Amino acid sequence: MKKGTLALLIHSGTENWSPDRWKRRFNDVCADRPVWVASEQGGNPADVHYAAVWKPAPGELASFPNLRVIFNLGAGVDALMADKTLPKVPVVRVSVGDLTGRMTEYVVLHVLMHHRQELYLRDSQLETRWQPKFQWSADALTVGVMGLGTLGSDAVEVLVRLGFQVVGWSNSPKTIKGVECFYGKAQLDAFSRRADILVCLLPLTPETRGILNRELFAKLNRSSPMGAPVLINAGRGGLQNETDILSCLDDGTLGAVSLDVFATEPLPPDSPFWTHPKVVLTPHNAADTDADEISKYVARQIERFEAGERLENLVDPARGY
Ligand code: NDP
Ligand code: OXD
């Protein structure tokens, strides 16, 4: 019997999201299943049973009348949830060791960069200045991680191992060894007051939009050895108020920031973030989705679904993540 088509709707334009590359990988792992890239001519929308997507255009998925499952090719589903015409079928998101490991690398890299005063040391090198500053220990700093899901829970484990004091914040209560856990809006202030370095790994939802703002930054711990608190955001640009970040860097409410995500991506060339001396900026590549790993993950999920087994890592549309 002919297998239902897997449609690839991939719109991003970066090297990692080349539709041809993804098609080759899916052809390898989905034996006998037609794999159709949306930009190709031909193909009958009625044959499409599965869609693997990254930032599909609003309305694009509604054109498949027999769609059974949507596979989001990344962890964050905010772009999908914003589509008012999204078909009412299960949405599976990425939660795999490969992506998690990459994000933990990013978090550790940037926490250490600020903890070990790398911005100061790079400036010193440029100015041929041999002038080390006092070096505090890891346990002199508290790292506050917003979001203790797949990514946050892995990152905190490594931060604890490195000797940092770690606090975490999530929607529901958690127990994580070595981490003081806070949850819900009512405990956000208590959590924030503890953090010297604030790491954001939240999903973008109506509840979290704009949560990284001046009011929150002003509550972060003001008496750390670093002098002023630091923000690291690898969640989504919509979580941050960018005007507040810039003004808080300028008036000392924040000492420095590492930002991987922005309200507008690609970041426009005239954005002040590009040249601000207290900003470490990366082009939304904290944790790339690996085509080899994720095509296998999607193929496995389709097999499970067709065998009548439960799909994993389902998105709850009511929560938006
Ligand atoms: P999960 O869904 O596994 O975890 C989300 C966490 O956020 C959970 O702990 C959840 O709480 C918490 N949370 C959600 N809403 C709230 C809220 N209103 N208040 C408090 N806590 C909240 O997601 P992942 O860890 O897999 O990914 C997180 C995000 O990281 C993605 O949504 C995506 O935006 C971003 N990302 C960025 C990448 C990059 O390269 N920059 C790469 C991959 C992901 P609870 O556990 O109680 O539900
Ligand atoms: C993701 C991302 O959500 O790469 O996976 O941003």
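Both counts, for ligands and for their atoms, begin at 1 and track the order of listing. Computed from a predicted model, the values in this text were never measured in an experiment. All residue numbers in this chain count up from 1 along the given sequence.
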Student: Which value, rounded to the nearest 0.5 Å, describes the distance between S153 atom OG and L201 atom CG?
Tutor: 10.0 Å
Student: In terms of residue, atom name and distance, what is the protein heavy atom nearest to atom 38 (C) of ligand 1?
Tutor: M103 CE, 3.4 Å
Student: Applying a strict 4.0 Å limit to heavy atoms, is R93 in contact with ligand 1?
Tutor: yes
Student: Linking Ile, Leu, Val, Met, Phe, Trp and Tyr by side-chain heavy atoms under 4.5 Å, what else ends up with L86?
Tutor: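 Answer for L86: L9, W36, V48, V53, L61, F64, L67, I70, V77, L80, M81, V89, V91, V315.
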Student: Drop me the distance from H110's NE2 to E118's CD, to the nearest 0.5 angstrom.
Tutor: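 Reported value, rounded in 0.5 Å steps: 11.5 Å.
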Student: What's the shortest distance from atom 28 (C) of ligand 1 to any protein heavy atom, and which residue and atom give it?
Tutor: L201 O, 3.3 Å
Student: Do any nitrogen or oxygen atoms of T205 lie less than 3.5 angstrom from nitrogen or oxygen atoms of ligand 1?
Tutor: no
Student: Measure the shortest side-chain to side-chain distance between V257 and L249 over non-hydrogen atoms and say whether it is less than 4.5 angstrom.
Tutor: yes
Student: As an exercise, identify every atom of ligand 1 less than 4.0 angstrom from a heavy atom of G147.
Tutor: 6 (C), 7 (O), 9 (O)
Student: Suppose we measure from atom 12 (C) of ligand 1 to each protein heavy atom; which comes out shortest, and what is that distance?
Tutor: L202 CD2, 3.9 Å
Student: Checking a contact table here: which protein heavy atom is nearest atom 31 (C) of ligand 1, and how many Å away?
Tutor: G76 CA, 3.7 Å
Student: For atom OH of Y183, is the number of surrounding heavy atoms from other residues, nucleotides or ligands below 6.0 Å larger than 12?
Tutor: no
Student: For H284, counting its heavy atoms only, list the atoms of ligand 1 lying under 4.0 Å from any of them.
Tutor: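 This gives 39 (C), 40 (O), 41 (N) as the contact atoms.
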Student: Check each atom of ligand 1 against the heavy atoms of R319 and keep those under 4.0 Å away; list them by number with element.
Tutor: 48 (O)
Student: Is it true that K174 lies under 4.0 Å from ligand 1, counting heavy atoms only?
Tutor: yes
Student: Calculate, to the nearest 0.5 Å, the distance between atoms CG and CG belonging to N171 and L148 respectively.
Tutor: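 Between atom CG of N171 and atom CG of L148 there are 10.5 Å.
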Student: For the atom pair CG (L239) and CG (L216), what is the distance rounded to the nearest 0.5 Å?
Tutor: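 Spacing of CG (L239) from CG (L216) equals 11.5 Å.
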Student: Cut-off 3.5 Å, side chains only: do N221 and D196 have a donor facing an acceptor?
Tutor: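 Looking only at side-chain atoms, D196 and N221 do form a donor-acceptor pair, the distance falling under 3.5 Å.
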Student: Going by the closest heavy atom to atom 7 (O) of ligand 1, which one wins out of S170, P203, G149?
Tutor: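 Closest candidate by heavy-atom distance is P203.
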Student: For residues S295 and R24, is any side-chain donor paired with an opposing acceptor at under 3.5 Å?
Tutor: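 Not at all, the side chains of S295 and R24 share no donor-acceptor pair under 3.5 Å.
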Student: Does ligand 1 have any atom that is closer than 4.0 Å to a heavy atom of G74?
Tutor: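 The answer is no: ligand 1 sits nowhere under 4.0 Å from a heavy atom of G74.
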Student: At under 4.0 Å between heavy atoms, is it the side chain or the backbone of L151 that contacts ligand 1, or both, or neither?
Tutor: both
Student: Taking the non-hydrogen atoms of S95, is any one of them nearer than 4.0 angstrom to ligand 1?
Tutor: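 Per 4.0 Å heavy-atom rule, S95 does not contact ligand 1.
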Student: Anything under 3.5 Å between a donor and an acceptor, one on a side chain of residues 132-145, the other on a protein residue two or more places apart or in another chain? List them.
Tutor:
residue, atom, partner, partner atom, Å
W136, NE1, H115, ND1, 3.1
S137, OG, D139, OD1, 2.7

Student: Is the backbone of Q165 close enough, under 3.5 Å, to the side chain of R194 for a donor and an acceptor to pair up by distance?
Tutor: no
Student: Under the side-chain hydrogen bond (donor to acceptor under 3.5 Å, both in side chains) rule, collect the residues that match up with Q301, sequence neighbours excluded.
Tutor: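 Once residues adjacent in sequence are excluded, the partners of Q301 under the side-chain hydrogen bond (donor to acceptor under 3.5 Å, both in side chains) criterion are E312.
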Student: In ligand 1, which numbered atoms sit nearer than 4.0 Å to a non-hydrogen atom of A234?
Tutor: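 Answer for ligand 1: 35 (C), 36 (N), 37 (C), 38 (C), 39 (C), 41 (N).
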Student: Within the structure, is a non-hydrogen atom of L204 found at a distance of less than 4.0 Å from ligand 1?
Tutor: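 The answer is no, since L204 has no heavy atom less than 4.0 Å from ligand 1.
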Student: Which heavy atom of the protein is the closest neighbour of atom 48 (O) of ligand 1, given with residue, atom name and distance?
Tutor: Y321 OH, 2.6 Å
Student: For a 4.5 angstrom cut-off between non-hydrogen side-chain atoms, does D316 reach Y321?
Tutor: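 D316 does not reach Y321 side chain to side chain.
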Student: Please confirm whether L148 approaches ligand 1 to less than 4.0 Å, judged on its heavy atoms.
Tutor: yes
Student: Within the 3.5 Å criterion, strictly below it, is a donor on D98 or T100 matched to an acceptor on the partner's side chain?
Tutor: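 No donor-acceptor contact under 3.5 Å links the two side chains.
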Student: Enter the distance from L231:CG to C200:SG here, rounded to the nearest 0.5 Å.
Tutor: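 Reported value, rounded in 0.5 Å steps: 7.5 Å.
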Student: Give the residue, atom name and distance (to 0.1 Å) of the protein heavy atom nearest atom 11 (O) of ligand 1.
Tutor: N171 N, 3.1 Å
Student: For ligand 1, does T150 get within less than 4.0 Å through its side chain, its backbone, both, or neither, judged by non-hydrogen atoms?
Tutor: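 Looking at T150 and ligand 1, atoms from backbone and side chain both fall under 4.0 Å.
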Student: Aromatic rings W17 and W22: how do their planes relate, parallel, tilted or perpendicular, breaks at 30° and 60°?
Tutor: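 Parallel.
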Student: Go through ligand 1 atom by atom and flag the ones less than 4.0 Å from a non-hydrogen atom of A75.
Tutor: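 Near A75, the atoms of ligand 1 are 26 (O), 43 (C), 44 (C).
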Student: Taking both backbone and side-chain atoms of R236, is any N or O found less than 3.5 Å from an N or O belonging to ligand 1?
Tutor: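 Yes, since at least one N or O of R236 sits under 3.5 Å from an N or O of ligand 1.
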Student: Tell me, which residues have any heavy atom less than 4.0 Å from some atom of ligand 2?
Tutor: W54, G74, A75, G76, R236, H284, A287
Student: Taking CZ in R161 as the centre, count heavy atoms belonging to other residues, nucleotides or ligands within less than 6.0 Å. Is the count above 12?
Tutor: no
Student: Show the atoms of ligand 1 that are less than 4.0 angstrom away from any heavy atom in E207.
Tutor: 18 (N)
Student: Any donor-acceptor pair under 3.5 Å linking the side chain of R304 with the backbone of E309?
Tutor: no
Student: For ligand 1, which atoms have a heavy atom of A287 less than 4.0 angstrom away?
Tutor: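 Contacts of ligand 1 toward A287, numbered from 1: 40 (O), 42 (C).
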Student: Tell me: protein heavy atom nearest atom 35 (C) of ligand 1, and distance?
Tutor: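 Going atom by atom, the protein heavy atom closest to atom 35 (C) of ligand 1 ends up being G235 O, 3.5 Å.
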Student: Tell me whether D260 has any N or O atom under 3.5 angstrom from an N or O of ligand 1.
Tutor: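 Yes; at least one N/O pair falls below 3.5 Å.
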Student: Between the side chain of N241 and the main-chain N/O of G210, is any donor-acceptor distance below 3.5 Å?
Tutor: no
Student: Go through ligand 1 atom by atom and flag the ones less than 4.0 Å from a non-hydrogen atom of W169.
Tutor: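 The list of qualifying atoms is 19 (N), 20 (C).
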